[in-house]
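Below: the structure, in structure tokens.
Starting from 1, each residue takes its place in the sequence as its number.
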Amino acid sequence: MAASVSSIDALLRDPRLWRGRPATSTPGVQPTGLAALDAALPGGGWPQAALSEILIPADGVGELRLLLPTVARLTRAGTPVLLVAPPYRPYAAAWRAAGVDLARLHLVDCRPADAPWAAEQALRSASCGAVLCWPRQADERVLRRLQVAAESGRCLGFCTRPLTQATQSSPAALRLCIDAQPSAVRVLKCRGGLPPTRPIALPTLH
């Protein structure tokens with residue numbers, strides 16, 4: 001037995017031995033603020049340190065109802081949230097009424113062509129709780145850069161795009177589609193599990 005132990009010790013000291021890599025921790029999740037959606041998503045919320053893609057048939061169909069609870073929670077906790085080139089200037093009174101701390105909400109006003117680069121830098125900086133962007137043109141290469149930047153900065157990334165691009169391959173960890181009538185969200189892709197088969201109703205704004 002002593003000889004066997006000695007042989008194992010010698011083997012473990014051999015520099016030629018491949019030891020593999022330590023397991024990396026799995027990124028957590030952040031609650032969406034919508035109980036039905038949290039229950040449907042693996043882990044119970046937005047994938048942390050990842051890009052979530054929101055596909056819409058038209059502006060104003062419910063994308064803000066989906067995102068405002070998270071923006072409000074983060075900003076009230078003192079965490080900055082960045083909006084990169086939104087299609088419309090945010091209406092401050094409505095965002096404040098939704099519970100958003102406007103002092104922690106920052107707007108990046110840039111040319112549409114520069115929006116993906118600006119979003120990537122913000123995600124990678126690790127200085128924000130979440131980055132929201134609305135790139136007009138974003139192919140798989142651009143989306144992959146955003147996904148990698150979110151992983152590097154351990155940041156929530158949200159990318160809102162036209163529903164017509166749902167057939168395009170995407171590296172985003174989560175892909176959601178918003179339906180206008182009735183107002184609901186469908187999960188097209190979710191990392192770590194199978195998408196639910198039924199749409200999830202979005203709450204109405206009061």
Side-chain angles (χ1 to χ4, degrees), residues 24-54 56 59-60 62-110 114-135 143 145-161 172-176 178 185 187 190-192 200 202-206:
T24 56
S25 59
T26 302
V29 296
Q30 294 273 354
T32 67
L34 304 176
L37 182 57
D38 286 344
L41 294 176
W46 302 117
Q48 177 69 18
L51 181 68
S52 294
E53 190 178 1
I54 301 168
I56 57 175
D59 293 332
E63 60 271 29
L64 286 184
R65 272 179 286 165
L66 192 60
L67 295 174
L68 277 175
T70 299
V71 175
R73 178 176 56 80
L74 290 174
T75 57
R76 288 199 306 267
T79 306
V81 172
L82 208 65
L83 311 180
V84 179
Y88 307 100
R89 186 166 294 276
Y91 181 47
W95 287 63
R96 186 184 296 110
V100 176
D101 181 355
L102 298 181
R104 298 291 180 177
L105 189 68
H106 305 281
L107 176 65
V108 176
D109 189 9
C110 61
D114 296 329
W117 179 87
E120 180 184 350
Q121 303 311 307
L123 287 166
R124 197 179 299 277
S125 71
S127 61
C128 305
V131 175
L132 285 60
C133 63
W134 294 259
L143 295 176
R145 292 183 68 91
L146 294 177
Q147 168 65 25
V148 171
E151 292 175 355
S152 176
R154 301 195 62 80
C155 182
L156 286 171
F158 297 103
C159 178
T160 301
R161 307 174 66 216
L174 176 66
R175 298 188 89 192
L176 304 178
I178 296 181
V185 58
V187 182
C190 51
R191 182 176 63 189
I200 300 159
L202 282 173
T204 56
L205 290 176
H206 299 289

Please table the atom pairs, donor to acceptor, closer than 3.5 Å between any side-chain atom in residues 37-45 and protein atoms at least two apart or in another chain.
{"from": "D38", "atom 1": "OD1", "to": "T32", "atom 2": "N", "distance (Å)": "2.9"}
{"from": "D38", "atom 1": "OD1", "to": "T32", "atom 2": "OG1", "distance (Å)": "2.7"}

Which pairs of donor and acceptor atoms, one on a side chain in residues 72-98, lie under 3.5 Å apart (sequence neighbours left out)?
{"from": "R73", "atom 1": "NH1", "to": "Q30", "atom 2": "OE1", "distance (Å)": "2.9"}
{"from": "R73", "atom 1": "NH2", "to": "Q30", "atom 2": "OE1", "distance (Å)": "3.0"}
{"from": "R73", "atom 1": "NH2", "to": "P31", "atom 2": "O", "distance (Å)": "3.3"}
{"from": "T75", "atom 1": "OG1", "to": "V71", "atom 2": "O", "distance (Å)": "2.9"}
{"from": "T75", "atom 1": "OG1", "to": "A72", "atom 2": "O", "distance (Å)": "3.2"}
{"from": "T75", "atom 1": "OG1", "to": "D101", "atom 2": "N", "distance (Å)": "3.0"}
{"from": "R76", "atom 1": "NH1", "to": "G99", "atom 2": "O", "distance (Å)": "3.3"}
{"from": "Y88", "atom 1": "OH", "to": "D59", "atom 2": "OD2", "distance (Å)": "3.0"}

Atom pairs and distances, donor-acceptor, side-chain atoms in residues 117-133, under 3.5 Å, two or more places apart:
{"from": "E120", "atom 1": "OE1", "to": "R145", "atom 2": "NE", "distance (Å)": "3.0"}
{"from": "E120", "atom 1": "OE2", "to": "R124", "atom 2": "NH2", "distance (Å)": "3.0"}
{"from": "E120", "atom 1": "OE2", "to": "R145", "atom 2": "NE", "distance (Å)": "3.4"}
{"from": "E120", "atom 1": "OE2", "to": "R145", "atom 2": "NH2", "distance (Å)": "2.9"}
{"from": "S125", "atom 1": "OG", "to": "A122", "atom 2": "O", "distance (Å)": "2.7"}
{"from": "S125", "atom 1": "OG", "to": "S127", "atom 2": "N", "distance (Å)": "3.3"}
{"from": "S125", "atom 1": "OG", "to": "S127", "atom 2": "OG", "distance (Å)": "2.7"}

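Across every non-hydrogen atom of R175 and A172, the tightest pair is CG-CB, 4.3 Å. Scanning both residues, R154 and Q48, for their nearest heavy atoms gives O-NE2, 3.0 Å. When all heavy atoms are compared, the tightest approach of I200 to A36 is CG2-CB, 3.6 Å. Listed here is the closest heavy atom pair of P47 and R191: CB-NH2, 3.7 Å.
Taking the side-chain hydrogen bond (donor to acceptor under 3.5 Å, both in side chains) definition, one finds that R161 meets it with E53, Q165, Q168, sequence neighbours left out. For W46, the ring-ring contact (aromatic ring centres under 6.0 Å, His included) partners at least two apart in sequence or on another chain are F158.
Atom-to-atom distance recorded for S52:OG and L146:CG is 12.0 Å, nearest 0.5 angstrom. Atom CG of L176 and atom CD1 of I56 lie 12.0 Å apart (nearest 0.5 Å).
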Take L51 and V148, measure what side chain to side chain contact (heavy atoms under 4.5 Å, CB included) needs, and give me the verdict at the end.
CA-CA 8 Å; L51 181 68; V148 171; over 6 Å; no
